[in-house]
Amino acid sequence: MALKSRSKINPTFSMSSMTDVVFLLLIFFMITSTLVHPTALKLLLPQSPNQTAAKPLTTVSITRNLDYYVENQRVSFSQIEPLLREKVGQNPEIYISLHVDENVPMKEVVKVMNIAKRNKYKLILATRAR
């Protein structure tokens with residue numbers, strides 16, 4: 001009686017499932033990297049042990065050279081208030097993040113804070129963690 005074993009193992013390996021996983025990971029990392037919104041301005045923020053979890057709608061930045069930016073757009077001081085009114089509108093629940101270099105005089109910071117106070121905007125002063 002000649003019995004033959006029919007369960008032979010196929011020595012080939014299919015890479016198609018591995019390439020599917022790699023492409024899915026590639027797509028995932030491409031999408032998540034576009035969601036990150038880094039600010040292009042190099043500011044040395046003051047240190048603070050407290051951090052907030054509020055999500056700001058827009059940012060106002062003051063560089064060491066006293067250049068003003070709304071998000072990444074350089075503006076003069078007189079243009080800040082109209083731009084913020086355009087971006088924020090009348091929504092009182094919107095936060096604005098204020099990014100100020102630690103070497104900027106306090107009077108420049110207070111000027112921007114006064115704009116927020118006049119328009120009843122909620123302002124967050126950005127700091128770096130200790």
Side-chain angles (χ1 to χ4, degrees):
M1 192 163 167
L3 293 175
K4 284 190 174 180
S5 174
R6 293 188 183 197
S7 61
K8 288 194 174 187
I9 298 174
N10 190 359
T12 61
F13 180 72
S14 175
M15 287 290 292
S16 63
S17 61
M18 184 69 78
T19 55
D20 289 346
V21 170
V22 169
F23 281 124
L24 285 174
L25 285 173
L26 179 66
I27 291 170
F28 171 75
F29 286 119
M30 286 173 50
I31 290 173
T32 56
S33 67
T34 58
L35 296 178
V36 176
H37 189 272
T39 179
L41 301 175
K42 298 292 182 193
L43 297 174
L44 184 60
L45 298 174
Q47 289 185 346
S48 172
N50 301 323
Q51 301 294 318
T52 184
K55 188 82 170 162
L57 171 74
T58 187
T59 61
V60 175
S61 303
I62 306 174
T63 64
R64 173 180 286 189
N65 301 328
L66 300 181
D67 296 326
Y68 295 94
Y69 289 85
V70 175
E71 292 178 359
N72 291 333
Q73 178 185 3
R74 186 176 179 180
V75 296
S76 66
F77 178 75
S78 60
Q79 294 173 318
I80 293 175
E81 192 165 1
L83 273 173
L84 289 178
R85 281 188 190 146
E86 179 184 317
K87 287 184 182 288
V88 175
Q90 297 298 323
N91 192 347
E93 297 302 316
I94 298 294
Y95 289 93
I96 297 172
S97 179
L98 180 58
H99 296 256
V100 182
D101 192 281
E102 67 181 1
N103 298 317
V104 172
M106 194 63 185
K107 68 179 183 177
E108 301 299 323
V109 177
V110 171
K111 286 199 261 182
V112 176
M113 292 172 75
N114 287 336
I115 290 173
K117 176 80 170 159
R118 267 195 309 269
N119 294 292
K120 298 183 175 123
Y121 299 145
K122 294 180 181 177
L123 195 66
I124 301 170
L125 183 60
T127 59
R128 60 187 161 109
R130 282 195 175 176

Review point. Going by distance alone, is a donor N or O of one side chain under 3.5 Å from an acceptor N or O of the other, for S76 and S78?
Key: yes
Review point. For F77, which residues count as a ring-ring contact (aromatic ring centres under 6.0 Å, His included) partner, sequence neighbours excluded?
Key: Y68
**Study point:** Sidechain N-carboxylate O distance under 4.0 Å for E71, K87
**Key:** yes
Practice item. Decide yes or no on side-chain contact (heavy atoms from CB on, under 4.5 Å) for T58 and V70, but give the supporting numbers first. Key: CA-CA 7 Å; T58 187; V70 175; 4.1 Å; yes
Check your understanding: In chain order, what residues pass the side-chain contact (heavy atoms from CB on, under 4.5 Å) check against S17, with sequence neighbours excluded?
Key -> none
Indicate every side-chain donor-acceptor pair of residues 112-119 with a distance under 3.5 Å to a residue at least two apart or in another chain.
{"unit_1": "N114", "atom_1": "ND2", "unit_2": "V110", "atom_2": "O", "d": "3.3"}
{"unit_1": "R118", "atom_1": "NH2", "unit_2": "E81", "atom_2": "OE1", "d": "3.0"}
{"unit_1": "N119", "atom_1": "OD1", "unit_2": "R85", "atom_2": "NE", "d": "3.2"}
{"unit_1": "N119", "atom_1": "ND2", "unit_2": "E81", "atom_2": "OE2", "d": "3.0"}
{"unit_1": "N119", "atom_1": "ND2", "unit_2": "I115", "atom_2": "O", "d": "2.9"}

**Study point:** Side chain to side chain, I96 and L84, heavy atoms closer than 4.5 Å
**Key:** yes
Check your understanding: In Å, rounded to the nearest 0.5 Å, how long is the span from CD1 of I62 to CG of N103?
Key -> 12.5 Å
Point to revise | Min side-chain heavy-atom separation S61-N72 under 4.5 Å | key: no
Distance-only donor-acceptor hits, side chain of residues 24-31, under 3.5 Å, sequence neighbours excluded:
none

Practice item. Check side-chain contact (heavy atoms from CB on, under 4.5 Å) between L57 and all other residues, then give those that pass, not counting sequence neighbours. Key: V88, I94
Study note, to complete from the structure: For N65, the side-chain contact (heavy atoms from CB on, under 4.5 Å) test, sequence neighbours excluded, returns T63, D67
